[in-house]
Amino acid sequence: MLNTDPSMIRDQRGSMIPLLIVFIVVIGIISVSVGGAIVATFTSVKTSEQSALALNIAEAGVNYYVWHLNHDGSDLKDGNPSAILGPDGYGPFVHDYRDMTGKVVGKYTLYIKPTLVGSSVVVVRSIGEVDGIRRSVDARLGAMSYAAYAVAGNQALWFGDNETANGPVHSNVGVKMDGPSTGTVSSANTSYRVPSNHGNGRNTIQPGVWCDPTVTSPVNCNTRNKSNWLYPAAKLDFVRLSSDMCDLKKLATSLSGPSACDALPSRTESYVPPVSTNYNRNTGYLIELNSNGTYRLSRVTNERDKRPAAQALTTVLIANNIPIPANGVIFVEDNVWLRRSSNAGFDGRVTIVAARLSGSATGNSDANIVFAGSVTYADQYNGDDAIGGIAEGSVEIAPYAGVPLEIHGAYIAKSGDFVYRQRSREDNTYTKGWVNGVEKFRFFGSVSVYGMWTWSYFGYSCSNENSPHCWQGYRWTETAYDENLRYNPPPSFPLTDTFEVLAWREVLVRP
């Protein structure tokens, strides 16, 4: 029976109102949630974009300082000479970051931290910031120096079958590699004429890097791996070393201006004036490197190279335990004789320059570096120690240096040779040869030479390779490259290339 009671009908209609209200509330909650999610999504996207932009800005800061160093490789203060070195390096240096329209959209803050004394490697922390969002990058920047090669020459090079080349080798002319090698071997030429004193193949045209096919031991020329022989390769510039030496003198004397390299100031721990304004190849200074990170300086008044080491040099002591300068550079305006003071080796980092740059002290010859004995690191392999030698003329091994002989460090002969002294300065006769295995010469470091490079000479008219009378210098040699020198050369060692990013990583720690 149909219920027609009006009160009942009104009750049924009234019960729909709460349901409608609930429905509206639910729809509202869903709308708010969806709207909130949309807003949160847009906010998250914007935050992600800003975070990504902050990282890009941080990377831009690193790229900026690569550019800056390639215009001024010694400036770690971003053009602010009064900047003070703090625990995070020099800084903070703040730069605006602009988009393509020139609008400032963020900024980056730089901290520049040096590594080892005089090293070409610096650590740059760049903090990119956009609307309060920050991201930080640590980057190691470095430039290769002349110490990037085990041996580099402006003339043709020859490694005999009894010579081992460990590390990169380069010549601006060509390389004859008969001995074992472990690194790249490169030449600036596709082919070259082999010098007349380079054994088999002399005076013939050969590839930029080659070996004698008759050599089969200890490495077979015909079957050896030649994939790391590179030619042509970029040429090394030895001419620019003149300006590099002038810069090193300014660094040692704290002088500046156009006449700084012509000055003759008094002796300090970092600068040593010439013995005389008149050049004499037998006079100069003996530097003995001490195991406590200091050096002993003596004036050399004469050299007699046919005598034993104890009698070869006539010297007058100037001072002992002289501190290595804070910048690690010692500039000597004369010839330098060099050796260690004890078997413990040298503990420290130093670059020694022998050059007569002053107009009143040039005389008629360039200053040389002469090894009067072994020169070694206290710690050979960890990279903490480094010895550099830059000679305006030649670098020589004296006949009285002794056996076995060991030399560590990076050395440059700017306009001369790096050789064992073949003829005595006393009477011009041939010097002694060392032919036994226990009399080996070991070199650990880097050689860059304008002229000839050799530590042994063999008389072609001789038939007995075991006779010391057929040799001058060392029959058995070993050349090992110090990999630590590649980007951590001796202090302020001349560079051969531009700065680049060696490694980088994002960091959470911020100054």
| field | Derivation of the side-chain hydrogen bond (donor to acceptor under 3.5 Å, both in side chains) call for E269 and Y295 | value | CA-CA 9 Å; E269 63 186 28; Y295 70 98; over 6 Å; no
Separation between [atom1] of [X] and [atom2] of [Y], rounded to the nearest 0.5 Å:
X: T277; Y: L264; atom1: OG1; atom2: CG; value: 9.0 Å
X: N335; Y: S394; atom1: CG; atom2: OG; value: 10.5 Å
X: K414; Y: I412; atom1: NZ; atom2: CD1; value: 11.5 Å
X: T184; Y: W229; atom1: OG1; atom2: CH2; value: 12.5 Å
X: N302; Y: T283; atom1: CG; atom2: OG1; value: 9.0 Å
X: I390; Y: L241; atom1: CD1; atom2: CG; value: 7.5 Å

| task | Could you go through the ring pair (Phe, Tyr, Trp, His ring centres under 6.0 Å) check for F443 and W455 one step at a time? | result | CA-CA 10 Å; F443 182 86; W455 296 317; 5.3 Å; yes
| ring pair (Phe, Tyr, Trp, His ring centres under 6.0 Å) assessment of F371 paired with F441 | CA-CA 12 Å; F371 288 106; F441 169 58; 8.2 Å; no
| field | Check against side-chain hydrogen bond (donor to acceptor under 3.5 Å, both in side chains), R423 and Y430 | value | CA-CA 4 Å; R423 288 183 176 272; Y430 284 117; 3.0 Å; yes
| task | Run the numbers on D482 and H408 for side-chain hydrogen bond (donor to acceptor under 3.5 Å, both in side chains), then give the verdict. | result | CA-CA 9 Å; D482 181 3; H408 299 169; over 6 Å; no
[X] side chain to [Y] main-chain N or O, any donor-acceptor pair under 3.5 Å?
X: N70; Y: F499; answer: yes
X: E392; Y: R356; answer: yes
X: S145; Y: F493; answer: no
X: S448; Y: Y146; answer: yes
X: R307; Y: A312; answer: no

[X]/[Y] ion pair, N-O < 4.0 Å:
X: E303; Y: R421; result: yes
X: E439; Y: K432; result: no
X: K440; Y: E478; result: yes

| message | Taking side-chain contact (heavy atoms from CB on, under 4.5 Å) as the definition, give me every residue that meets it alongside V435, ordered by chain and number, with sequence neighbours left out. | response | P468, W471, R475
Distance-only check: which donor-acceptor pairs under 3.5 Å involve side-chain atoms of residues 318-332, not counting sequence neighbours?
unit_1	atom_1	unit_2	atom_2	d
N320	OD1	N290	ND2	3.3
N321	OD1	N292	ND2	3.4
N321	OD1	T294	OG1	3.3
N327	OD1	V329	N	3.0
N327	ND2	L251	O	3.3

| field | W453 and F159 aromatic ring geometry - parallel, tilted or perpendicular at 30°/60° bounds | value | tilted
| task | Take atom OH of Y377 as the centre, draw a 6.0 Å sphere, and report whether it contains more than 12 heavy atoms from other residues, nucleotides or ligands. | result | yes
| query | After noting the C-alpha distance and the side-chain angles of Y457 and Y420, does the key distance pass the ring pair (Phe, Tyr, Trp, His ring centres under 6.0 Å) rule? | reply | CA-CA 9 Å; Y457 306 84; Y420 179 90; 7.2 Å; no
| said: If we check side-chain contact (heavy atoms from CB on, under 4.5 Å) with Y192, which of these qualifies: I205, V173, T204, V209? | reply: V173
| task | Under the side-chain hydrogen bond (donor to acceptor under 3.5 Å, both in side chains) rule, what do S424 and E426 come out as? Steps first, then yes or no, please. | result | CA-CA 5 Å; S424 168; E426 286 191 74; 4.8 Å; no
